[in-house]
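Notes follow once the structure below has been shown.
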Amino acid sequence: MARILITSALPYINGVKHLGNLAGSMLPADVYARAMRLLGHEVLYICATDEHGTPAELAAADAGMAVADYCDKMHDAQRAAGADFKMSYDYFGRSSALSNHEMTQHLAHMLETNGLIEERVSEQVYSNADGRFLPDRYVEGTCPNCGADGARGDQCDSCGKLLDPADLIEPYSAVSGSKDVEIRQTNHLYLKQSDMADRLRAWIDKAEGWPNLAKSIAYKWLDEGLHDRAITRDMKWGIPVAYKGVPRPGFEDKVFYVWFDAPIEYISATKDWADATGHDWQSWWRTDKGADDVTYVEFMGKDNVAFHTLSFPTTLIGSGEPWKLVDRLKAFNWVTWYGGKFSTSQKRGVFMDQALDLAPSDYWRWHLTANAPEGADAGFTFEDFAARINSDLANVLGNFVNRITKYCVGKFDGKVPCPKKYGGGEWGKPEDTLVAELAERLPKLIAYYEAMEFRKAASETRAIWATGNEYLTEAAPWSQYKTDIDQAAIGVRIGLNLVAFFGVIAQPIIPDAAGKILDAMHIPKDNRTWKFGEGDWNERVKAILDALPHGHEISAPEVLFTKIEDADIEEWKQRFGGEG
RNA sequence: GGUGGGGUAGCUCAGCUGGUUAGAGCGCAGGACUCAUAAUCCUGAGGUCGAGAGUUCAAGUCUCUCUCCCACCA
């Protein structure tokens with residue numbers, strides 16, 4: 001048994017996330033967390049909303065709400081959406097939580113103590129009309145690069161050039177529209193990442209369990225030279241630049257930059273979890289306090305890799321304190337929507353709350369896992385979605401459960417046939433074939449989960465389900481029944497055990513349906529783990545196929561998976577603007 | 001422009017350190033079965049592995065050039 005700390009990249013606060021966000025971080029992290037728990041590991045899965053920064057303020061202004069109220073509302077919405085998708089977070093925190101203020105201020109203090117933070121003067125746009133500095137997207141103007149109007153302070157949407165707000169031509173405030181702005185000097189704290197380059201490189205050299213992509217991105221940044229970054233902004237919404245309640249002189253109207261405090265929330269949320277549940281957070285994060293045996297796994301989109309391999313480690317290593325650093329990370333590409341991008345701002349694609357109006361969470365979880373954007377971008381279409389659900393869930397799994405449980409109820413009284421009562425049947429070739437195939441596939445399935453290969457795990461799960469239909473066709477208990485009821489009893493008994501087994505292995509990806517199956521088989525909640533015994537897999541599989549108590553009563557569940565009809569697809573495409 | 005990923009059957013994708021007739025699912029065609037959500041099972045047809053050149057006894061799998069798609073960085 002191992003101790004596994006899992007974090008998913010924090011979903012940003014400015015709205016309910018779309019399916020791409022879900023598929024690229026939270027969902028695979030959840031599937032992994034569930035699988036590892038089933039294997040008997042001690043798992044802590046932490047997530048939170050990322051609430052600071054300019055986009056949050058702008059979104060709140062759009063909604064006509066105070067930022068704090070807006071964040072409260074959106075946090076609740078995201079929490080609800082996560083719960084509806086059966087995210088098994090041990091804790092779903094907020095980067096605006098008090099604990100994160102304290103932790104962020106503490107780490108900044110430690111970095112400064114170690115000489116890694118210094119104050120520097122920089123030029124920023126100040127709005128006289130608004131009485132405030134205009135960081136990042138708060139200032140707009142004409143792009144100095146391409147001449148387009150409406151370029152934002154951090155980037156021109158027209159030419160894609162990254163900008164410095166002070167370089168905009170004819171700048172104006174995005175808050176009030178006022179052109180009464182000027183360039184003023186202001187002090188900011190800079191994190192001297194350049195001083196950390198050697199230590200980071202040494203750490204990355206030793207890192208194992210990173211995908212090539214992650215290492216190459218990290219090395220590229222190191223090779224080009226890490227730039228010192230400002231970690232404060234002229235804003236009110238955020239974590240105050242203070243220490244132990246005392247504001248830093250001259251920084252009363254400044255806060256820490258969102259990219260500095262967001263990853264720290266992984267730690268702070270763990271602390272909040274511990275406070276709420278009576279656990280010890282330091283045993284997960286401090287290697288001097290028991291975290292040395294923790295394996296820390298991070299899930300994220302590809303755009304987040306540099307922050308997790310360089311920025312956050314810089315903070316932790318630079319503090320000089322013995323923090324747990326990432327061991328393995330899993331990065332995902334994007335899910336595309338009919339060939340284009342999902343977009344929160346343009347409301348393009350399906351969002352988590354809407355998705356559940358269309359189909360149950362299991363359907364989405366299954367499709368987005370089987371079609372996870374692991375090697376490359378993965379395209380989403382309703383047609384693919386429907387085809388996969390109808391085939392994998394309804395036809396292969398759902399129909400199998402249905403056919404054998406109904407048959408048992410009809411011919412064997414709804415009970416697992418007991419060998420004492422039906423003693424004449426013989427173990428034969430169909431059974432040998434089944435055992436051989438499962439003995440090969442089950443260990444592969446487990447290995448795929450351990451390797452975080454989610455597409456392959458889903459595909460292997462499906463292949464295992466399919467063995468049930470193959471077996472029933474060969475054993476054909478309905479034919480045997482006509483001449484040899486005892487022989488039919490073997491097929492039914494093994495079939496029922498397969499149902500239970502299929503439910504057990506389905507749990508990480510489709511927890512609801514798996515629960516329904518296991519409930520119908522009357523299997524106690526504490527008897528659904530992946531403890532498959534030791535030794536030879538053939539023997540283990542034989543035990544799995546005779547696990548249900550003889551005479552044990554079962555019931556035939558309702559239709560587990562309703563199929564998606566062509567008419568549904570058409571309606572959804574109309575509603576969500578999917579283009580062919 | 002730089003870096004990385006991708007371009008393999010109609011579609012979605014597997015193919016590890018190069019080696020027998022290039023695989024899976026879906027779709028399609030034919031057959032079987034009737035316990036089951038017109039489900040299932042079996043068989044089959046489909047690919048000069050983006051283009052070109054090179055290394056090698058042997059390349060989808062290595063090298064170079066070109067080309068298209070995507071992301072990140074500039």
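Order of the sequence lines sets the chain letters (A, B, ...), proteins ahead of strands, with each chain counted from 1. Computed from a predicted model, the values in this text were never measured in an experiment.
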**Q.** Who pairs with G2(B) - Watson-Crick or G-U, where each distance is under 3.5 Å
**A.** C72(B)
Q | Pairing residues for Arg199(A) by the salt bridge (charged side-chain N to carboxylate O under 4.0 Å, His left out) criterion, not counting sequence neighbours | A | none
Q. When you compare G60(B) with C35(B), how far apart are their P atoms, in angstrom units rounded to a whole number?
A. 50 Å
Q: Give a yes or no on whether Asp566(A) atom CG has more than 12 heavy-atom contacts from other residues, nucleotides or ligands under 6.0 Å away.
A: no
(Q) Distance check, C1' atoms only: A14(B) and G23(B), in whole angstrom units. (A) 7 Å
Q. Could Asp228(A) and Arg120(A) be called an ion pair, given the rule that one side-chain N must be under 4.0 Å from one carboxylate O?
A. yes
Q. Under 3.5 Å, is there a donor-acceptor pair between the Tyr296(A) and Thr7(A) side chains?
A. yes
**Q.** Syn-anti status, with the boundary at 90° from 0, for the nucleotide G54(B)
**A.** anti
Q: Assign the ring pair Phe400(A) / Phe502(A) to parallel, tilted or perpendicular, where the plane angle (0 to 90°) is split at 30° and 60°.
A: tilted
Q) Applying a 3.5 Å limit to both distances, which nucleotide forms a Watson-Crick or G-U wobble pair with U63(B)? A) A53(B)
Q. Counting only N and O atoms by type, is there a donor-acceptor contact under 3.5 Å from the side chain of Asp50(A) to the main-chain atoms of Ile13(A)?
A. no
Q) Hey, are Arg328(A) and Glu298(A) close enough for a salt bridge, meaning a charged N less than 4.0 Å from a carboxylate O? A) no
Q: Pick the P atom in C16(B) and in C73(B), then give their distance to the nearest Å.
A: 30 Å
Q: Using the C1' atom as the reference point in each nucleotide, state the distance between U63(B) and G18(B) in Å, no decimals.
A: 13 Å
Q.
Both distances below 3.5 Å, Watson-Crick or wobble geometry, any strand: find the nucleotide opposite A24(B).
A. U12(B)
Q | Interatomic distance, Asn333(A) CG vs U3(B) P [rounded to whole Å] | A | 19 Å
**Q.** Contact pattern, 5' to 3', of nucleotides 35-44 of chain B - B, S or - by protein heavy atom under 4.0 Å
**A.** BBB-SSSS--
**Q.** Spacing between Trp334(A) atom CH2 and A71(B) atom P, to the nearest angstrom
**A.** 10 Å
Q. Roughly how far apart, to the nearest Å, are U61(B) and G7(B) at atom P?
A. 11 Å
Q: Could you please name the partner base of G30(B), counting Watson-Crick and G-U wobble pairs only when both distances are under 3.5 Å?
A: C42(B)
Q: Return the value, rounded to whole Å, for the distance between atom CZ of Arg441(A) and atom C1' of G25(B).
A: 12 Å
Q: For C64(B) versus A22(B), give the span between their P atoms, rounded off to a whole number of Å.
A: 27 Å
Q: Treat primed atoms plus P, OP1 and OP2 as sugar-phosphate and everything else as base, then score nucleotides 8-15 of chain B 5' to 3': B for base contact with protein heavy atoms under 4.0 Å, S for sugar-phosphate contact only, - for none.
A: ----SSSS
Q) Taking the same atom, P, in A59(B) and in C13(B), what whole-Å distance lies between them? A) 28 Å
Q | Separation between the P atoms of U48(B) and A39(B), rounded to whole Å | A | 32 Å
(Q) Under the criterion side-chain contact (heavy atoms from CB on, under 4.5 Å), I'd like the reasoning laid out for Lys415(A) against His550(A): C-alpha separation, chi angles, the key distance, then a yes or no. (A) CA-CA 8 Å; Lys415(A) 289 179 180 155; His550(A) 300 149; over 6 Å; no
Q. Lys516(A) and Glu558(A): salt bridge (Lys or Arg N to Asp or Glu O under 4.0 Å), yes or no, with the steps?
A. CA-CA 9 Å; Lys516(A) 278 188 204 164; Glu558(A) 302 295 307; over 6 Å; no
Q) Does NZ or CZ of Lys330(A) come closer than 6.0 Å to the centre of the six-membered ring of Tyr32(A), within 45° of the ring's axis? A) no
Q) Can you tell me how far P of G6(B) sits from CZ of Phe332(A), to the nearest Å? A) 16 Å
Q. In whole angstroms, how far is the P atom of A71(B) from the CG atom of Asn304(A)?
A. 16 Å
Q: Considering just the side-chain nitrogens and oxygens of Arg462(A), establish if one lies under 4.0 Å of OP1 or OP2 belonging to C26(B).
A: yes
